Number of protein chains: 2
Amino acid sequence: MKDVVSACPIEEAMRVLSGRWPTLLLYYLKEGPKRFSDLRRDNPTVSHRMLTLELRKLEQAGIVRRTDHPGYPRRVDYDLTPAGRRLLPLIDALGDWWEETITIRRTPQPLSEAA
Amino acid sequence: MKDVVSACPIEEAMRVLSGRWPTLLLYYLKEGPKRFSDLRRDNPTVSHRMLTLELRKLEQAGIVRRTDHPGYPRRVDYDLTPAGRRLLPLIDALGDWWEETITIRRTPQPLSEAA
DNA sequence: TGTAAATTACGCACATTTTTGTAACCGCCA
DNA sequence: TGGCGGTTACAAAAATGTGCGTAATTTACA
């Protein structure tokens, strides 16, 4: 991800949210604070490296907050910041939109204008 | 992009919208039908190849409609399907969300819960 | 009384995979 | 000849996975 400076907020937002993991992590963090290993269990196909990288990215973007509790067994948890929580409805809306378009694709019908 | 089958609509939607170009193309197509060369002019940094690939992807996803008008100077144009148009407000909302979080980051303030 | 193992959340180096760019070529038309 | 809208082969760059190492502390065990 090149550090291209852009004036376009959509482009900036997509730089953070693009890819397979960011929205999925947000989705799981919706349930409340989670530990690193919880998130790996939630999504078994993410590698530990990717998970740290993505979490750092989300942290830097102000979407996720990382808390490192000192002590044993080591314990770090991640939860959504207010900004992250404000993002949730948008992500859900995206899911709804997709389901809608899928349904339409499955239902033979002329593509009519609904301007 | 591996052809992973997923039950999650958010993941599916992001498979189409991830990356630098999809949302930008949607943004420019908002203005109405555009030709290939128009889109290249709108966004001078997209390569010829990427533009075709991304347009094909959006077409397959049912977001963009390609129309090849036969005749004199060749003319192909792309415009949003109804599904694509339904996506526009979500993309705008994403831009707004980003501007909001940026503003917050610029305004020193305690991270308070706004559950 | 040691000491080795297990746990958690990583970091690092290296390898592989995927994405993207470059440049050349094509058919169509004027 | 030149522009439009591509495609294809090849190369560069970026993303992602793999496996090993680490710190701190408790437990297991001999």
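Residue numbering restarts at 1 for every chain, and letters A, B, ... go by the order of the sequence lines. All of these numbers come straight from a predicted model, not from anything done at the bench.
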>> Strictly distance-based, threshold 3.5 Å: is any side-chain N or O of B/Trp97 a donor or acceptor partner for the main-chain N or O of A/Ala83?
In response: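 Yes; at least one donor-acceptor contact below 3.5 Å.
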> Just by distance, do the side chain of B/Arg35 and the backbone of B/Asp77 share a donor-acceptor pair under 3.5 Å?
Replying inline: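 Checking the backbone N and O of B/Asp77 against the side chain of B/Arg35, no donor-acceptor pair under 3.5 Å is found.
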Take atom [atom1] of [X] and atom [atom2] of [N], then tell me their distance rounded to the nearest Å.
X       : N      : atom1 : atom2 : value
B/Leu55 : C/dT20 : CG    : P     : 14 Å
B/Leu39 : D/dC4  : CG    : P     : 13 Å
A/Arg66 : C/dG11 : CZ    : C1'   : 12 Å
B/Arg35 : D/dC4  : CZ    : C1'   : 7 Å
A/Arg74 : D/dT25 : CZ    : P     : 12 Å
A/Arg41 : C/dT8  : CZ    : C1'   : 10 Å
A/Lys34 : C/dT8  : NZ    : P     : 15 Å
B/His69 : D/dC4  : NE2   : P     : 15 Å

Scan nucleotides 16-19 of chain D against the protein and return all N/O pairs shorter than 3.5 Å with their distances rounded to 0.1 Å.
| residue | atom | partner | partner atom | Å |
| --- | --- | --- | --- | --- |
| D/dG17 | OP2 | A/Ser47 | OG | 2.9 |
| D/dG17 | N7 | A/Arg49 | NH1 | 3.3 |
| D/dG17 | O6 | A/Arg49 | NE | 3.3 |
| D/dG17 | O6 | A/Arg49 | NH1 | 3.4 |
| D/dG19 | O6 | A/His48 | NE2 | 3.1 |

> Do A/Asp79 and A/Arg65 sit within salt-bridge range, that is, some charged N less than 4.0 Å from a carboxylate O?
Replying inline: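 Yes.
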> Are A/Arg40 and A/Asp38 within salt-bridge range, i.e. N to O under 4.0 Å?
Replying inline: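 Salt bridge flag = no for A/Asp38 with A/Arg40.
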Less than 4.0 angstrom between a side-chain N/O of [X] and OP1 or OP2 of [N], yes or no?
X       : N      : result
A/Arg75 : D/dT25 : no
B/Arg56 : D/dG6  : yes
A/Tyr78 : C/dT8  : no
B/Ser37 : D/dG3  : no

>> As a test of understanding, state which of B/Leu25, B/Leu51, B/Leu55 forms a side chain to side chain contact (heavy atoms under 4.5 Å, CB included) with B/Tyr78.
In response: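 The side chain to side chain contact (heavy atoms under 4.5 Å, CB included) with B/Tyr78 is passed solely by B/Leu55 among B/Leu25, B/Leu51, B/Leu55.
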> When we call it a touch if two heavy atoms are under 4.0 Å apart, what does B/Arg40 touch: a base, just sugar-phosphate, or nothing?
Replying inline: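 Touches nothing.
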> Which of the following nucleotides, C/dA9, C/dC10, D/dT7, is nearest to the side chain of B/Thr52?
Replying inline: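 The closest nucleotide is D/dT7.
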> B/Phe36: what forms a ring-ring contact (aromatic ring centres under 6.0 Å, His included) with it, not counting sequence neighbours?
Replying inline: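 Residues passing ring-ring contact (aromatic ring centres under 6.0 Å, His included) with B/Phe36: B/His48.
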> Given side chains that start at C-beta, do those of B/Pro22 and B/Leu58 come closer than 4.5 Å, heavy atoms only?
Replying inline: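 Side chain of B/Pro22 against side chain of B/Leu58, heavy atoms only: contact under 4.5 Å found.
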